[in-house]
Amino acid sequence: MRDFRDAKAMARDLRTALNARGLRLSQAEALELTARMLGARDWNTLSAAIDAAGKPAPATSEAPAAPADVTPPESPLARNPVLQASMRGGPTTFSKTLEGSLHRAIAAAQGKSYATLEHLLLVLTDDADARLVLEACQVDIGALTANLEGWLADVKLPPLAPDRPTAPTAGFHRVIQRAVIHVQSSGRDEVTGANVLVAIFSERESHACAFLEAQNMTRYDAVDFIAHGVRKDGGRAA
């Protein structure tokens, strides 16, 4: 399975696929897009991370196959080279509250299957920063929690290999990386559960996003409260 060290091959495949659909892309543009998709600020940043990490080990027939929507075993908490590289532009960190939430999301899937966006959203209902946004957007947190718990109880996720640690899905990882990129672009230095909650809306096809939208919550509602303190009912945060 590919990881960030295969970024050049990924960029080449991306360019080929888009060109075949009439979307002309230069190799340089494909490299930049791939870098952003993997959470780096630009290709130079990702290239430095690749050089620092060295070449990927050759695949063996004994390695267990993983679903296409699953990242390598490193979790967002592991500070892998891509995430470290994306943070080199400034002292970006996770808030203590968010770190605890991420640990709980991974632990919730421990020994069962992959940690999904639904695991992440479920723990964010207890994250102080994210919960403040949910309440400001008039979300029924009890109903949201029940929907998430019901979905996680019923869904059949791919089983983990006995020797494979719990890993977040690609969607989970993308949400964390988008939150990091957004915080950096805003000139701030700490990622919170509120930022991650906003980033979930980028995963339009996920159940997590659908459950939020079913509560009549939008990305605009969340951003308006985070940026301006404006609640969905028109009031303002203290």
Side-chain angles (χ1 to χ4, degrees), residues 39 75-77 83 87 92-110 112-155 166 168-169 171-238:
S75 81
L77 304 179
L83 196 51
M87 293 183 174
T92 310
T93 60
F94 294 129
S95 69
K96 293 298 183 183
T97 304
L98 177 57
E99 283 198 9
S101 296
L102 294 175
H103 276 297
R104 292 199 307 277
I106 300 295
Q110 195 72 41
K112 300 175 183 177
S113 189
Y114 299 92
T116 67
L117 269 184
E118 291 69 37
H119 286 108
L120 178 58
L121 180 55
L122 182 59
V123 300
L124 287 178
T125 61
D126 282 327
D127 179 286
D129 298 304
R131 191 179 181 95
L132 194 64
V133 178
L134 291 170
E135 291 173 346
C137 294
Q138 300 184 319
V139 169
D140 183 336
I141 296 178
L144 175 62
T145 299
N147 287 336
L148 288 164
E149 289 176 340
W151 185 85
L152 288 169
D154 293 339
V155 69
T166 300
T169 62
F172 186 123
H173 210 165
R174 283 194 301 268
V175 162
I176 300 301
Q177 291 174 334
R178 284 194 186 100
V180 170
I181 291 170
H182 176 73
V183 166
Q184 288 178 336
S185 66
S186 301
R188 288 171 286 147
D189 57 11
E190 185 177 73
V191 185
T192 70
N195 303 126
V196 175
L197 183 62
V198 171
I200 287 176
F201 283 97
S202 298
E203 295 293 315
R204 300 291 304 167
E205 296 182 359
S206 70
H207 284 82
C209 182
F211 286 139
L212 290 173
E213 292 178 337
Q215 292 282 332
N216 295 317
M217 179 181 176
T218 67
R219 183 181 184 278
Y220 174 81
D221 294 332
V223 172
D224 202 27
F225 177 73
I226 295 170
H228 307 294
V230 179
R231 300 172 58 88
K232 189 169 183 176
D233 59 9
R236 288 189 172 271

Any non-hydrogen side-chain atom of [X] less than 4.5 Å from a side-chain atom of [Y]?
X: Phe225; Y: Asp221; value: no
X: Phe172; Y: Leu102; value: yes
X: Val133; Y: Val139; value: no
X: Thr93; Y: Asp189; value: no
X: Phe211; Y: Trp151; value: yes
X: Met217; Y: Leu197; value: yes
X: Leu98; Y: Val191; value: yes
X: Asn195; Y: Val180; value: no

Mark yes or no for whether [X], through its side chain, and [Y], through its backbone, hold a donor-acceptor pair below 3.5 Å.
X: Gln215; Y: Asp140; result: yes
X: His119; Y: Thr116; result: yes
X: Asn147; Y: Leu144; result: no
X: Glu118; Y: Ala208; result: yes

Fill in: Partner of Arg104 by side-chain contact (heavy atoms from CB on, under 4.5 Å), out of Leu120, Leu124, Leu122, Asp126
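The passing option is Asp126.
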
At their closest point, which heavy atom of [X] faces which heavy atom of [Y], and how far apart are they?
X: Glu135; Y: Arg231; value: O-NH2, 3.6 Å
X: Ser95; Y: Thr192; value: OG-CA, 3.9 Å
X: Val175; Y: Ala199; value: O-CB, 3.5 Å

Worksheet item: Stepwise, does the side chain to side chain contact (heavy atoms under 4.5 Å, CB included) test hold for Asn216 with Lys232?
Response: CA-CA 10 Å; Asn216 295 317; Lys232 189 169 183 176; 3.6 Å; yes

Discussion item. Set out, in order, the CA-CA distance, both residues' side-chain angles and the distance that settles side chain to side chain contact (heavy atoms under 4.5 Å, CB included) for His182 and Arg188, then state yes or no.
Written reply: CA-CA 9 Å; His182 176 73; Arg188 288 171 286 147; 3.7 Å; yes

Fill in: Listed partners of Asp154 passing side-chain contact (heavy atoms from CB on, under 4.5 Å), at least two apart
none

Practice prompt. Would you check if there is a donor-acceptor pair between the side chains of Asp127 and Ser101 at a distance under 3.5 Å?
Written response: yes

Worksheet entry | Chi angles and distances behind the side chain to side chain contact (heavy atoms under 4.5 Å, CB included) call for Arg236, Val230 | CA-CA 5 Å; Arg236 288 189 172 271; Val230 179; 3.5 Å; yes

